[in-house]
Amino acid sequence: MSADFKIAWHTAYCHPLPPAHRFPMEKYQLLPEQLLYEGSIEAHNFFQPTEAAEEILLLTHKLDYWKRLKTGSLDKNEIRRSGFPWSEALIKRERLLVQGTCEAADYALKFCCAFNIAGGTHHAFTNKAEGFCLLNDIAVAANYILDQQKASKILV
């Protein structure tokens, strides 16, 4: 594998959940371990994202939704729809995940291919969470690339 091939991963991707929760969060720890074990990648292929800036998130998500999400002000139905119990650590995870996809998009433009171990949270809407997706990292990354004028069109 190329030394320039990059994969976003952060320990916070594997967020602790209540016992017997149905989402398989441990896959975000197991996947990088498996890729390293089988020799598909080396440790230097991983990069650790920082938290996405609010300005990046607001290229896609509504301000009211983002404020309610980050402060834990979602109602019971909104939390249930998200699939996750709210916590500050969960919001940090989501911001790391989104930034990982934005940085992976930058790496893909430079090196033709890049990934995010926890990327693909495409069920989130601009104004609500859905199906274990609080922020839509795919849409945010696409809007980020367009906003930075790194591409004129995005195909997802």
Side-chain angles (χ1 to χ4, degrees), residues 1-17 21-63 65-66 69-70 72 82-156:
M1 183 147 309
S2 165
D4 295 329
F5 187 83
K6 298 295 181 188
I7 301 171
W9 183 76
H10 195 285
T11 56
Y13 283 3
C14 191
H15 179 72
L17 292 173
H21 193 279
R22 65 188 176 127
F23 188 80
M25 190 69 77
E26 65 278 354
K27 68 183 175 181
Y28 299 121
Q29 181 66 42
L30 297 173
L31 239 154
E33 290 174 1
Q34 181 63 33
L35 292 170
L36 289 167
Y37 172 78
E38 67 191 26
S40 296
I41 62 167
E42 296 176 10
H44 69 267
N45 295 115
F46 289 113
F47 70 90
Q48 195 170 72
T50 57
E51 292 181 46
E54 288 188 345
E55 303 80 55
I56 300 287
L57 300 175
L58 295 175
L59 292 172
T60 302
H61 292 284
K62 303 288 185 195
L63 178 60
Y65 171 64
W66 168 241
L69 180 64
K70 77 176 181 177
S82 82
F84 293 131
W86 185 92
S87 71
E88 286 182 16
L90 178 65
I91 301 311
K92 178 179 179 172
R93 175 198 186 267
E94 297 301 307
R95 291 178 78 171
L96 290 165
L97 187 159
V98 169
Q99 184 63 25
T101 300
C102 290
E103 290 180 41
D106 280 332
Y107 278 122
L109 289 170
K110 187 174 181 182
F111 301 118
C112 297
C113 188
F115 297 97
N116 185 352
I117 288 287
T121 58
H122 59 278
H123 295 289
F125 292 78
T126 61
N127 62 343
K128 66 181 180 177
E130 187 85 30
F132 306 115
C133 302
L134 283 75
L135 298 169
N136 190 319
D137 69 310
I138 303 294
V140 173
N143 285 325
Y144 160 75
I145 292 294
L146 292 169
D147 182 68
Q148 297 295 307
Q149 299 179 349
K150 296 178 180 184
S152 59
K153 291 189 226 177
I154 304 286
L155 175 63
V156 175

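Along the sequence shown, residues are numbered consecutively beginning with 1.
Taking the side chain as every heavy atom from C-beta outward, I41 and F46 approach each other to under 4.5 Å. A 4.5 Å side-chain heavy-atom check between K27 and Y13 finds every atom pair outside the cut-off. Annotation: side chain of I91 is in contact with side chain of L134 (closest heavy-atom distance under 4.5 Å).
A distance-only check finds a donor-acceptor pair linking the side chain of K6 to the backbone of H44 [under 3.5 Å]. When atom types are taken as modelled, the side chain of H61 and the backbone of N136 share a donor-acceptor pair closer than 3.5 angstrom. Here the side chain of T121 pairs a donor or acceptor atom with the backbone of L135 at under 3.5 angstrom. Formation of a donor-acceptor pair under 3.5 Å by the D137 side chain with backbone atoms of G120 is found in this model. H21 contributes a side-chain N or O that, together with a main-chain N or O of G83, makes up a donor-acceptor pair within less than 3.5 Å. Side-chain atoms of N116 come within 3.5 Å of backbone N or O of L97 as a donor-acceptor pair.
To the nearest 0.5 Å, atom CD of residue E130 and atom NE2 of residue H122 are 11.0 Å apart. The CG atom of L17 sits 11.5 Å away from the CZ atom of R22 when rounded to the nearest 0.5 Å. Considering CG of L146 and CG of L59, their distance stands at 9.5 Å, rounded to 0.5 Å. In this structure, E54 CD and L63 CG are separated by 8.0 Å, a value rounded to the nearest 0.5 Å. With rounding to the nearest 0.5 angstrom, the CZ atom of R95 is 9.5 Å from the OG1 atom of T50. In this structure, S82 OG and F23 CZ are separated by 11.0 Å, a value rounded to the nearest 0.5 Å.
Few gaps surround NZ on K150; more than 12 heavy atoms of other groups in view lie less than 6.0 Å from it. Atom CD of E38 has more than 12 heavy atoms from other residues, nucleotides or ligands within 6.0 Å. Within 6.0 Å of atom CD in Q149, 12 or fewer heavy atoms from other residues, nucleotides or ligands are found, so the atom counts as exposed in its surroundings.
The aromatic rings of F47 and Y107 sit tilted relative to each other, their planes meeting at an angle between 30° and 60°.
The nearest pair of heavy atoms linking H10 to P49 is CD2-O, 3.6 Å. Nearest heavy atoms, A141 versus A105: CB-CB, 4.5 Å. The minimum heavy-atom distance linking F84 with F132 is given by the pair CE1-O, 3.4 Å. In terms of heavy-atom proximity, K70 sits nearest to W86 at O-CZ2, 3.4 Å. Across all their heavy atoms, Y28 and A118 have their closest contact at CE2-CA, 3.5 Å. Annotation for A151 and I145: closest pair CB-CG2, 3.6 Å, computed over non-hydrogen atoms.
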Begin with the C-alpha distance, continue with both residues' side-chain angles, and end with the deciding distance and a verdict on side-chain contact (heavy atoms from CB on, under 4.5 Å) for T101 and V98.
-> CA-CA 5 Å; T101 300; V98 169; 5.9 Å; no
Apply side-chain contact (heavy atoms from CB on, under 4.5 Å) to L90 and R93, showing your working.
-> CA-CA 5 Å; L90 178 65; R93 175 198 186 267; 4.2 Å; yes
Test N45 against L35 for side-chain contact (heavy atoms from CB on, under 4.5 Å), laying out the working first.
-> CA-CA 11 Å; N45 295 115; L35 292 170; over 6 Å; no
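In this structure, K62 is not positioned above the aromatic face of Y65 in the sense of NZ or CZ being under 6.0 Å from the six-membered ring centre and within 45° of the axis.
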